[in-house]
Structure formats: structure tokens, C-alpha cells
Protein chains: 2
Amino acid sequence: MPRPRTPLLSRERIVAAALALVDAEGLAALSTRRLATELSVSGPSLYNHFATKDDLLDAVVDSVMGEVDLGMFDAPEDWRAALAAWARSYRAALAAHPNVVPVLAQGPGRRPNALRLADAVFGCLVDAGWPRGQATRIGALMRYFITGSALGSFAAGFPEDAGVYAADYPHLADAHRLAEHRRAVDEGAFETGLEALLDGLALRYARLPD
Amino acid sequence: MPRPRTPLLSRERIVAAALALVDAEGLAALSTRRLATELSVSGPSLYNHFATKDDLLDAVVDSVMGEVDLGMFDAPEDWRAALAAWARSYRAALAAHPNVVPVLAQGPGRRPNALRLADAVFGCLVDAGWPRGQATRIGALMRYFITGSALGSFAAGFPEDAGVYAADYPHLADAHRLAEHRRAVDEGAFETGLEALLDGLALRYARLPD
DNA sequence: ACCTGAACACCGTTCAAGT
DNA sequence: ACCTGAACACCGTTCAAGT
């Protein structure tokens, strides 16, 4: 059935299926052949819509970045509130798709939504009076913290098997129970870190010469 | 030449070669067959020393974690200074091997050096008087920030091609020059973030009931 | 115990062929 | 323009065979 009158595929359909696959089974499960099967199509068909698998992955990543709200930068009350709101929106978008974070954390590359995000954050900080050099560093360090917090659950990274800890790691005696509170631990750590970070930055802002 | 009298391989030799390969060409370049060739051995030979490729990768990751200094936790003067020294040592170890960070950021799993590290940090905070719940969150948020900062250079993530930014991303007009200052930007962002984070945490520590 | 070659079920990608 | 099957050079892993 070559060349159907109405195309079987579209970039949107491919990206959606790829994201679903990565969400459900991880980055390693995304193969062009597997994805094609999922779309009821033969492997090479995808190459009519994307030049390479990396190209496709770029589109998947940028579709996740597109979910980040940037509205708070349109008419920011103050930089701290805008940054906090943006950080929470950013983290929520990434936490919904943790398996793509390693790719997206490599930097914006040429992905439009990633560049738009970087532009908005930097612009807000400079408009608020931060020197350009400092604004760059703050954009970077916020990204460090947010991507790091979405890269994988802290709590889920510890084995539930209590036997792992006994004797060798005395302070981790209760670590096997982290899984129960997985969500609360991760969310609490993010909120604590975000507020601490903003407090620390506010101290520096107050010291800025004007 | 099967079964030489002195073994051709050892776990150490394999891990060292794998790390060198990942450092030089990235995670994607690490294949069992390629690694075997590098070691002048046939592909399946590796399976005498590691059960699977994932097993081998675990050993590679833990060898990097082993480079992190934990000595500052032996007799810590104060939690803040110890945490700062540890964070810098941790980041330096990861920044030397950025390509393995996505793997290691998934959590400690059953890797001994990763568990030892988590144990030392948590123990230091609890000994300093932090409540256990807070100590857990601080351990998590520090890891978020440190792994995020080592996951990929912020500066290097922006294309050097100035044409990418023109018109569409007005605030990023100078982003193409980030590459020149790559190291300074990344280091400056890490230091600013670390100090801000610790300042913010110190504020909370001062408010702790005793 | 530790290495080998052969084999299996997979990959990403190219390309000529179809309509 | 958009899909197909065949083909190429790769994967991770198993296994029987060697010493």
C-alpha cells in the first residue's frame, strides 16, 4: 500500500507516539522500528518526516519544552515571583516526562521552545536590574537546579530492600522507606531548594549598586 | 587463543577502558563490541567479567563516584563548610566525566560509592542538628543542583552561530559568545548557586528550634 | 576459569521501486 | 510526495567448543 491518498503519518503523530513510548518504557525503548510498528507503518517511513532519529528526538524534547508556561514574564511584578512561578511550571513539565530530561538538559541547541525559554528568563532578569553577567549565571544555575530535580526521583533512586543498608550505611537505616513518601520527598526538596536559592539571590540583589 | 595462562581481562581494565571511551566519544559510543575491540579481545569475552552491559555501566559510574572526597565529613567543623567542600569535590568529579552524569543522576541504586556518599551527607546534617526530614530534603536538593550543574555545560548548550538568535530571541543577542567564556560561565554559575543555596539554608538553620 | 566463533533477534539508515 | 521491502553495517547476548 505505497503512497496512500491521505498520508498515514505526520510529524505531530510521530512525535506524540514517540513521547508516549519514552514516557512508558524509557529512552532505550525508542527505536525507529519499534515506533514505526506502533504507528502501523514500516521502519523507513519515518525518514520521510525526520532526517534522523536524533532529529525526531529533538522534536520530542521541544514538544515537552513547549508545555512550560512563560506568561509570567510578560509583565513581571518582580523578578523573584516570576522566577519562582516559572521554575515550578518548568519542573512540572519535566517531571511529567522524566525520561526525556537527560536529552533536554544538554542545552537548548537550536530547539525553538528552549531558546524562547532562555530568552524570556534572561530578559526578565536584565529588565529587573541584574547585570548581564549575573543574569547569565542565574539563568544557568536555575536550569541546573530544575533539570537536576526532574532528572530522576531522589527518593526512587534508593533500593527498597532494607538489607542493602544494614551495617554498611548506618545513617541510611530508613532509606528503604523513601519510596512510600516518594512524591512528598521530591516535592519538598524542590520547594525547599527553590526558596533557599531565591532567598540567597535576593540577598545579592539587595547588595547591587544602582 | 582461548584460555591464556594469565587472564587478558580484568574488571578494572574493562572499567577503565569503558570510561575512557565514554569520556572521549559519549555514552552512545560505548558498545560491548567496540569496547572489546579496544581491549583486543572478542565481544563475548566481556561477559566473563560482567553479567550485562548495564552491570558494566554501573561499575563505570561507581568508579567516578569513588573520586568524590568525603573526608570533610569525618570531623566536620560546621555543616555549611563541610557541605560546601563536598559539593565542590562532587561537582569536580562529575565535571571531569560529564557523559556519565545522566546515568549516575538516576540515583545510587546499589552502587557502594554512591550509597557511602549519601550516608555521609545525611549523617553530617543530622549530627549538626537538622531534623531527619529536613536532612533528607537537603541531601536531595544538593544532589539536584550538583548533578544538574555537571550534566552538561550551560554555555556549550548554545549554538555559536549568531544567526540562530537574530530577531527571534532579542535578549540572547550575545549568546553565541558564551562558548568563549564556557568555563568561567559554568564555574561562576555553580559558585553563585552554591553560595546562594547555602545562604538560604543557613537562614532556615538559624530558625530551627533547639 | 576464561577466551573464541557462530548464531539470534535486534538496531539506524539507504535506496530502488511502487503509485 | 509518501510508503514499501531488501539490504548494509551495526547492536547485546547466548552458547557450544576449546584449553
Side-chain angles (χ1 to χ4, degrees), chain A residues 1-62 99-100 102-103 106 109-111, chain B residues 1-62 99-100 102-103 106 109-111:
Chain A
M1 180 222 298
R3 182 59 174 130
R5 52 181 60 87
T6 154
L8 296 176
L9 295 175
S10 69
R11 285 177 67 98
E12 290 70 33
R13 241 169 63 71
I14 296 170
V15 166
L19 181 56
L21 185 52
V22 171
D23 282 345
E25 306 189 29
L27 262 184
L30 181 67
S31 79
T32 57
R33 297 169 111 117
R34 168 83 188 275
L35 179 59
T37 303
E38 219 96 357
L39 289 160
S40 307
V41 117
S42 91
S45 300
L46 301 175
Y47 288 84
N48 286 294
H49 303 268
F50 293 95
T52 65
K53 183 187 170 181
D54 271 358
D55 240 50
L56 162 57
L57 203 52
D58 248 30
V60 170
V61 163
D62 214 42
N99 295 335
V100 310
V103 183
Q106 295 306 116
R110 308 179 121 75
R111 295 189 297 270
Chain B
M1 178 223 300
R3 179 65 172 129
R5 52 181 59 87
T6 156
L8 296 176
L9 295 175
S10 69
R11 285 177 66 98
E12 290 69 34
R13 240 168 64 72
I14 296 171
V15 166
L19 182 56
L21 185 52
V22 171
D23 282 345
E25 306 189 31
L27 263 185
L30 179 68
S31 79
T32 56
R33 297 169 111 116
R34 167 83 187 276
L35 179 59
T37 303
E38 219 96 355
L39 289 160
S40 306
V41 114
S42 90
S45 301
L46 301 176
Y47 288 85
N48 287 295
H49 303 269
F50 293 96
T52 64
K53 184 186 169 181
D54 270 358
D55 241 50
L56 161 58
L57 203 52
D58 249 28
V60 170
V61 163
D62 214 42
N99 295 336
V100 310
V103 183
Q106 295 306 115
R110 308 180 120 73
R111 295 189 297 268

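Chain naming here is simple, since letters A, B, ... match the order of the sequence lines and numbering starts at 1 in each.
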Over how many whole Å does the gap from [X] atom [atom1] to [N] atom [atom2] extend?
{"X": "A:L30", "N": "C:dG12", "atom1": "CG", "atom2": "P", "answer": "8 Å"}
{"X": "B:L39", "N": "C:dT4", "atom1": "CG", "atom2": "P", "answer": "11 Å"}
{"X": "A:L27", "N": "C:dG12", "atom1": "CG", "atom2": "P", "answer": "12 Å"}

Practice prompt. Using a cut-off of strictly less than 4.0 Å between a heavy atom of the residue and any atom of DNA chain C, enumerate the qualifying residues of residues 42-60 of chain B by number.
Written response: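 Going residue by residue through residues 42-60 of chain B, the ones with a heavy atom under 4.0 Å of DNA chain C turn out to be B:S42, B:P44, B:S45, B:N48, B:H49.
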
Using every non-hydrogen atom in the two residues, find where [X] and [Y] come nearest and quote the distance to one decimal.
{"X": "B:E38", "Y": "B:L21", "result": "OE2-CD1, 4.4 Å"}
{"X": "A:Y47", "Y": "A:T52", "result": "CE2-CA, 4.2 Å"}
{"X": "A:K53", "Y": "A:S31", "result": "NZ-CA, 4.4 Å"}

Fill in: G-U wobble or Watson-Crick pairing nucleotide for C:dC8 (cut-off 3.5 Å, both distances)
D:dG12

Worksheet item: C:dA17 pairs with which nucleotide, Watson-Crick or G-U wobble, both distances below 3.5 Å?
Response: none

Practice prompt. Look at all strands and tell whether B:L35 reaches a base, only sugar-phosphate, or nothing, counting heavy atoms closer than 4.0 Å.
Written response: nothing

Discussion item. Donor-acceptor pair, distance only, cut-off 3.5 Å: does the side chain of B:D62 make one with the backbone of B:A59?
Written reply: no

Discussion item. Reading DNA chain D from 5' onward, which residue's closest nucleotide shows up sooner: A:S40 or A:R33?
Written reply: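 Whichever sits nearer the 5' end wins; that is A:S40.
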
Worksheet item: Is there a side-chain contact between A:V60 and A:L30 (heavy atoms, below 4.5 Å)?
Response: no

Worksheet entry | Validation row: A:L56, A:L35 side chains within 4.5 angstrom (heavy atoms) | yes

